Amino acid sequence: MKCRKCGQTAVINMRQHRLALCQNCFLDWVPEQVQRVIEKFHMFGPEERVLVAVSGGKDSLALWDILLRLGYQAEGLYIHLGIANGGYSDVSQQKVEAFAASRGAGFRVVKVLQEYGQTIPQVSRRKRGRSTCGTCGLVKRHVLNQVAGEGGYTVLATGHNVDDEAAVLFQNALRWATGYLARQAPVLPASHPKLVRKVKPLIRLYEREMAAYALLCGIDYIYEECPYSRGATTLFYKELLNQLEESSPGAKQSFYLSFLQARDQGRLLPAEAREVELGECQQCGQPTTAPGLCAFCRLWA
Ligand code: AMP
Ligand code: FES
Ligand code: ZN
């Protein structure tokens, strides 16, 4: 198969776009897609400092690489969760460090054990009723927001791709979880002075494309999924959507992008657009809907 742009041998065929590209054209095409998304959704500008949440996986490292290539002020934040099985957190951190060193990019690490006295598996063992992933998500959201705010960043970027977003959408739509559906957006504006804007610049790219991009750029990333992977359910929905995609190329992307369009045009969930009242946590000062302590502070109490 030949590259549609230059006629050289193609390295990837993207059936949903009817587009085959060679290595060089693909490595140009991916950042172009990301730039279009950043502009279309008014995510951020070159004058802003962007904090990239990097897990050591392909998506977030590739995102960081792309933002640097596009000339944005992008710095990384890695949260060491203390997940020891097979050295998962240590190995992920090494991947982040190696990437940052190779690009001369600034990054910081927050170690949950050092900061809060317990690892994620330890604290979640004490908390029945919340899964390890649920606890982990709560801690990550808190730390990301806190570091972004204190570091003077205005934007926080994560590496969610089409596959991630479509799987979450599928999961929420099956339960008509309208509250979650209303908040599933490429950009979440800062709804409180202590919150930063959250953006997902990879929402037009498939997981497979991100893997190809990371591989072709020589980005060394962690292949393993987290051993506590919420995986089980999300991976199952991803698999179902991939089966659909197989027989109907583009179905995955269209499912998600047409949802965004319908919602933004007010054809879905109009009643959910209401604002929630946010107070401040008495201990850490971060915004919360709970009276007294936020869920994060209650976790360690
Ligand atoms: P996940 O929830 O693991 O699918 O990850 C979604 C996004 O959250 C990733 O693309 C990263 O941007 C971010 N992320 C996940 N884990 C970490 C971590 N340990 N430290 C910083 N950011 C993370
Ligand atoms: Fe948080 Fe697996 S990454 S529990
Ligand atoms: Zn708090």
Side-chain angles (χ1 to χ4, degrees), residues 50-64 66-67 74-86 88-93 95-97 99-100 107-112 116 119-125 127 130-149 155-165 167-168 194 198-203 205 207 210 214 221-222 224-235 237-238 278-301:
V50 183
L51 186 64
V52 186
V54 277
S55 64
K58 62 184 184 320
D59 302 291
S60 49
L61 285 179
L63 170 63
W64 196 5
I66 294 165
L67 296 183
E75 287 165 35
L77 167 62
Y78 173 70
I79 305 171
H80 188 294
L81 304 158
I83 295 174
N85 312 40
Y88 179 76
S89 291
D90 289 341
V91 175
S92 305
Q93 182 174 335
K95 306 287 180 192
V96 174
E97 281 171 352
F99 176 86
F107 80 107
R108 49 187 92 199
V109 175
V110 170
K111 291 204 170 194
V112 172
Y116 306 104
T119 64
I120 293 295
Q122 285 167 345
V123 69
S124 70
R125 227 168 282 143
K127 295 280 156 179
R130 207 194 271 272
S131 67
T132 306
C133 289
T135 304
C136 177
L138 170 68
V139 171
K140 280 196 269 199
R141 280 193 299 279
H142 179 95
V143 173
L144 289 171
N145 199 59
Q146 188 174 33
V147 171
V155 195
L156 176 70
T158 53
H160 297 92
N161 56 38
V162 175
D163 297 56
D164 297 323
E165 293 300 295
V168 170
K194 287 193 179 164
K198 299 198 177 82
V199 301
K200 299 173 186 168
L202 301 184
I203 52 147
L205 291 152
E207 197 157 296
M210 296 321 298
Y221 61 89
I222 181 151
E224 289 80 41
E225 294 280 342
C226 163
Y228 296 96
S229 204
R230 90 199 62 190
T233 29
T234 310
L235 291 180
Y237 288 116
K238 282 188 176 176
L278 284 179
E280 286 184 11
C281 169
Q282 283 169 2
Q283 190 162 311
C284 71
Q286 279 208 20
T288 174
T289 50
L293 297 186
C294 71
F296 177 85
C297 289
R298 271 183 282 131
L299 181 68
W300 304 97

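Indexing begins at 1, ligand by ligand and atom by atom, following the structure's order. Quick caveat, the model's predicted, so the values are computed rather than measured.
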Exercise. Considering the heavy atoms of T158, write down every atom of ligand 1 situated less than 4.0 Å from one of them.
Key: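 Contacts of ligand 1 toward T158, numbered from 1: 12 (O).
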Quiz item: Of all the atoms in ligand 1, which lie at a distance below 4.0 Å from a heavy atom belonging to S60?
Solution: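 Going through ligand 1 atom by atom, the ones under 4.0 Å from S60 are 10 (O), 11 (C), 12 (O).
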Is [X] in polar range of ligand 1, meaning some N or O pair under 3.5 Å apart?
X: K140; result: yes
X: A53; result: yes
X: I79; result: yes
X: G159; result: yes

Counting only heavy atoms closer than 4.0 Å, does ligand 1 sit against the backbone of [X], its side chain, both, or neither?
X: D59; value: neither
X: L77; value: backbone
X: V54; value: backbone

Exercise. State the atoms of ligand 2, each with its element, that fall below the 4.0 Å cut-off from a heavy-atom position in C226.
Key: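 Once the distances to C226 are compared, the set is 2 (Fe), 3 (S), 4 (S).
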Quiz item: Short list, please: which atoms of ligand 2 are under 4.0 Å from a heavy atom of K140?
Solution: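 The atoms of ligand 2 under 4.0 Å from a heavy atom of K140 are 1 (Fe), 3 (S).
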Exercise. Assess C133: does it contribute an N, O or S atom lying under 2.8 Å from atom 2 (Fe) of ligand 2?
Key: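 Checking atom 2 (Fe) of ligand 2 against C133, no N, O or S atom falls under 2.8 Å.
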Exercise. From atom 1 (Fe) of ligand 2, work out which of S92, S124, C136 has a heavy atom at the shortest distance.
Key: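 The residue whose heavy atom sits nearest atom 1 (Fe) of ligand 2 is C136.
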Exercise. Decide side-chain contact (heavy atoms from CB on, under 4.5 Å) for L293 and W300; before the verdict, give the C-alpha distance in whole Å, the side-chain angles of both, and the deciding distance to 0.1 Å.
Key: CA-CA 11 Å; L293 297 186; W300 304 97; over 6 Å; no
Quiz item: Would K238 and D164 count as a side-chain contact (heavy atoms from CB on, under 4.5 Å) if you check the C-alpha gap in whole Å, the side-chain angles of each, and the deciding distance to 0.1 Å?
Solution: CA-CA 8 Å; K238 282 188 176 176; D164 297 323; 2.7 Å; yes
Quiz item: With the Zn ion (ligand 3) at the apex, how many degrees lie between SG of C294 and SG of C297, rounded to 10 degrees?
Solution: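 Seen from the Zn ion (ligand 3), SG and SG are separated by roughly 110°.
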Quiz item: Is the ring centre of Y228 less than 6.0 Å from the ring centre of Y88?
Solution: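 Centroid separation for Y228 and Y88: 6.0 Å or greater.
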Self-check item: Residues which pass salt bridge (Lys or Arg N to Asp or Glu O under 4.0 Å) with D163, listed by chain and number, not counting sequence neighbours
Solution: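 If we apply the salt bridge (Lys or Arg N to Asp or Glu O under 4.0 Å) test to D163, skipping adjacent residues, the hits are K252.
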Quiz item: In terms of the angle between their ring planes, are F296 and H142 parallel, tilted or perpendicular, with boundaries placed at 30° and 60°?
Solution: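 Ring orientation, 0 to 90° scale: parallel.
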Exercise. Go through the steps for K194 and L278 under the test side-chain contact (heavy atoms from CB on, under 4.5 Å), then give the verdict.
Key: CA-CA 11 Å; K194 287 193 179 164; L278 284 179; over 6 Å; no
Quiz item: Which is it for F107 and V54 under the side-chain contact (heavy atoms from CB on, under 4.5 Å) test, yes or no, and what are the steps along the way?
Solution: CA-CA 9 Å; F107 80 107; V54 277; 5.8 Å; no
